[in-house]
Amino acid sequence: MENIFGFNSKLLGISYKAEERVEDQFKYIDNIVLKNEEKVLNSFIKNKVSENSFNTTTGYGYDDIGRDMIDKVYSDIFRTEDALVRHNFVNGTHALSTALFGVLRPGDSMISITGNPYDTLEEVIGIRGDKNNGSLIDFGIHYDQLDLLKDGTVDIENLKIRVKDKNVVYIQRSRGYSDRPSLSIETLEYIIQIIKLENSSTIIIVDNCYGEFAEDREPSEVGADIVVGSLIKNPGGGICDTGGYIVGKKNLIELCSYRLTSVGIGKEVGCTIGQNKKILMGLFLSPSVVGNALKVAVFTSSFYDLLGFKTYPSFNERRTDIITCIQLGKEEMLIKFCEGIQELSPIDSFLKPEPWDMPGYNYKVIMACGSFTSGASIEISADAPLKPPYCVWVQGGLTYNTGKFAIINSAKKIYDN
């Protein structure tokens, strides 16, 4: 590495020490990968996935065997009644928007119990952006928000009161652009049990982005009614070109499908134009790829901790998603960090990331993502809003070593400048 990428002996020495102290974490991750690969393989065998599932359709896509098989496999792996997995979900926000609009009606109320929703959902809900733009609030949905406690955890006592009259409870599993802890499955199980005791009829929707296969259970296995995610993150395994998924109760999935296509048509149509094989292969590879991303995340925390920076979570905490946050403290260090990631990415390594007004955000964002699929967060990437305290959020890594190289290079870029 020193000869090829120009890493000095001091940075390499720190990287070796960073790896030494996370050996137990890596063993734990290997065990998670083992359990999830067993679950995924069993589902492929049980549902008799065949080469016919790779066949493509055009036009209306009636009787698309592969499309229906993908729904069955996802439903089985996530332990739900049904699934809606489609390449024409443009991103995770689109899938979440489809789910929310699918199950909410004018006059209904929803509450986010994990504080501010992710930035791109703010305009979907209507708490930011123009009026009369077709947001949930514009359609007469009432929005409520339960802020997190100072330690970043859910306010359980207020939760018990605030969910009693809500039609939908929205939970964001991952941290988004914050330093709060992501939610473990164990924590989600506890929260969901409390919600159901207080309001058994409410629909619990979990944004599962960045969390799939990070543990050996999913939110749908502990009581979530709907679970939503993106195929260019964890479950796409670095193979999917685009897409998203919604899994959950059958009647709710039907309502979501009506929102995606039209009422009365739902899941029965939608050509797959050659995407079935990629979706299935990506799902099959996903547990292993997520395991690599988790190891990159743990290494990142350990490495930057040794360099003297605050990292969230710390290197010795159990991971519940693939994201690591590093507080860099200065704008120029943040930009150099992202340049370092980009320089050691397999695609577009010669480009220099620059802050820009990314759609859905109300501040400039810088993103490093030299990926095979544009914007794929399961591949090594880093992004951040340009605002104090200048934290960067790192995720992904199709392979552990290439992810590690990029992280070391980010430090080299900072210290060289």
Side-chain angles (χ1 to χ4, degrees), residues 84 86 88-148 152 154-155 158-159 161-178 180 183 191 195 199 201-210 219 224-230 233 244-246 248 252-263 356-365 375 383 385 387:
L84 181 67
R86 296 294 182 271
N88 49 314
F89 281 124
V90 300
N91 54 24
T93 300
H94 181 200
L96 286 163
S97 175
T98 299
L100 289 168
F101 274 101
V103 302
L104 285 163
R105 298 292 178 267
D108 283 353
S109 61
M110 69 168 285
I111 182 171
S112 168
I113 66 165
T114 45
N116 289 330
Y118 190 68
D119 302 75
T120 55
L121 268 186
E122 291 180 351
E123 290 190 73
V124 172
I125 294 168
I127 55 178
R128 179 168 61 85
D130 298 331
K131 293 182 179 180
N132 303 315
N133 63 354
S135 67
L136 288 168
I137 290 175
D138 191 30
F139 271 83
I141 307 300
H142 304 287
Y143 175 73
D144 192 12
Q145 182 173 300
L146 181 63
D147 291 330
L148 296 168
V154 174
D155 186 346
N158 277 317
L159 170 72
I161 300 168
R162 302 273 286 278
V163 300
K164 289 183 183 294
D165 61 344
K166 299 301 187 292
N167 301 93
V168 164
V169 175
Y170 171 80
I171 304 173
Q172 181 177 297
R173 181 178 178 185
S174 191
R175 66 191 63 237
Y177 281 150
S178 75
R180 63 97 163 168
L183 300 180
I191 292 170
I195 294 169
N199 184 353
S201 63
T202 193
I203 299 168
I204 298 174
I205 299 179
V206 175
D207 174 358
N208 203 29
C209 287
Y210 304 105
D225 299 298
I226 295 177
V227 177
V228 187
S230 166
K233 295 183 175 69
Y245 73 89
I246 305 174
L252 300 178
I253 295 299
E254 184 175 29
L255 293 175
C256 294
S257 73
Y258 287 170
R259 178 70 188 186
L260 179 63
T261 58
S262 66
V263 177
W356 67 299
D357 295 310
M358 189 178 293
Y361 300 86
N362 64 348
Y363 39 71
K364 286 187 180 295
V365 173
D383 52 280
K387 61 180 183 179

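In this structure, the separation between CG on L96 and CD1 on I246 is 8.0 Å, given to the nearest 0.5 Å. Atoms CG and OH, from N208 and Y245 in turn, are 4.0 Å apart once rounded to the nearest 0.5 Å. Rounding to the nearest 0.5 angstrom, the gap separating the CG atom in D144 from the NZ atom in K166 is 4.5 Å. I205 CD1 to L100 CG: the interatomic distance, rounded to the nearest 0.5 Å, is 4.5 Å. In this structure, CG in D225 is found 6.5 Å from CD1 in I203, a value given to the nearest 0.5 Å. Rounding to the nearest 0.5 Å gives a distance of 10.0 Å between CZ of R175 and CG of L183.
Partners of R173 by salt bridge (Lys or Arg N to Asp or Glu O under 4.0 Å), not counting sequence neighbours, listed by chain and number: E215, E218. Scored by the salt bridge (Lys or Arg N to Asp or Glu O under 4.0 Å) test, K164 finds E198 as partners (sequence neighbours excluded). Partners of R259 by side-chain contact (heavy atoms from CB on, under 4.5 Å), not counting sequence neighbours, listed by chain and number: T98, F101. Contacts of Y210 classified as ring-ring contact (aromatic ring centres under 6.0 Å, His included), with partners at least two apart in sequence or in another chain: none. Taking the side-chain hydrogen bond (donor to acceptor under 3.5 Å, both in side chains) definition, one finds that D147 meets it with Q145, sequence neighbours left out. Residues forming a side-chain contact (heavy atoms from CB on, under 4.5 Å) with S135 (at least two apart in sequence, or on another chain): N133, I137, D138.
Closest approach of V206 and A224 over heavy atoms only: CG2-CB, 3.7 Å. Annotation for G92 and C209: closest pair CA-SG, 4.4 Å, computed over non-hydrogen atoms. Counting all heavy atoms, side chain and backbone alike, L104 lies closest to S109 at CD2-O, 4.2 Å. Residues A99 and V228 come closest through the heavy atom pair CB-CG2, 4.1 Å. The two atoms that bring L255 and G102 nearest to each other are CB-O, 3.5 Å, heavy atoms only.
Side-chain contact between L136 and I125: present, with at least one pair of heavy atoms (C-beta onward) separated by less than 4.5 Å. Under the 4.5 Å side-chain criterion, counting only non-hydrogen atoms from C-beta, S112 is in contact with Y143. For the pair T114 and V154, the minimum side-chain heavy-atom distance is below 4.5 Å. Between Y170 and L121, some side-chain heavy-atom pair lies under the 4.5 Å cut-off. The shortest distance between side-chain heavy atoms of D130 and N132 does not fall below 4.5 Å. Contact check for I191 versus I113: side-chain heavy atoms found under the 4.5 Å cut-off. With contacts defined as side-chain heavy-atom distances shorter than 4.5 Å, the pair P117/I127 qualifies. The closest side-chain heavy-atom distance from V103 to M110 is not below 4.5 Å.
Counting only distance, with no hydrogens or angles, the side chain of R128 and the backbone of D119 share a donor-acceptor pair below 3.5 Å. D108 places no side-chain N or O within 3.5 Å of a backbone atom of I141 that could act as its donor or acceptor partner. Between the side chain of S97 and the backbone N or O of H94 there is no donor-acceptor pair closer than 3.5 Å.
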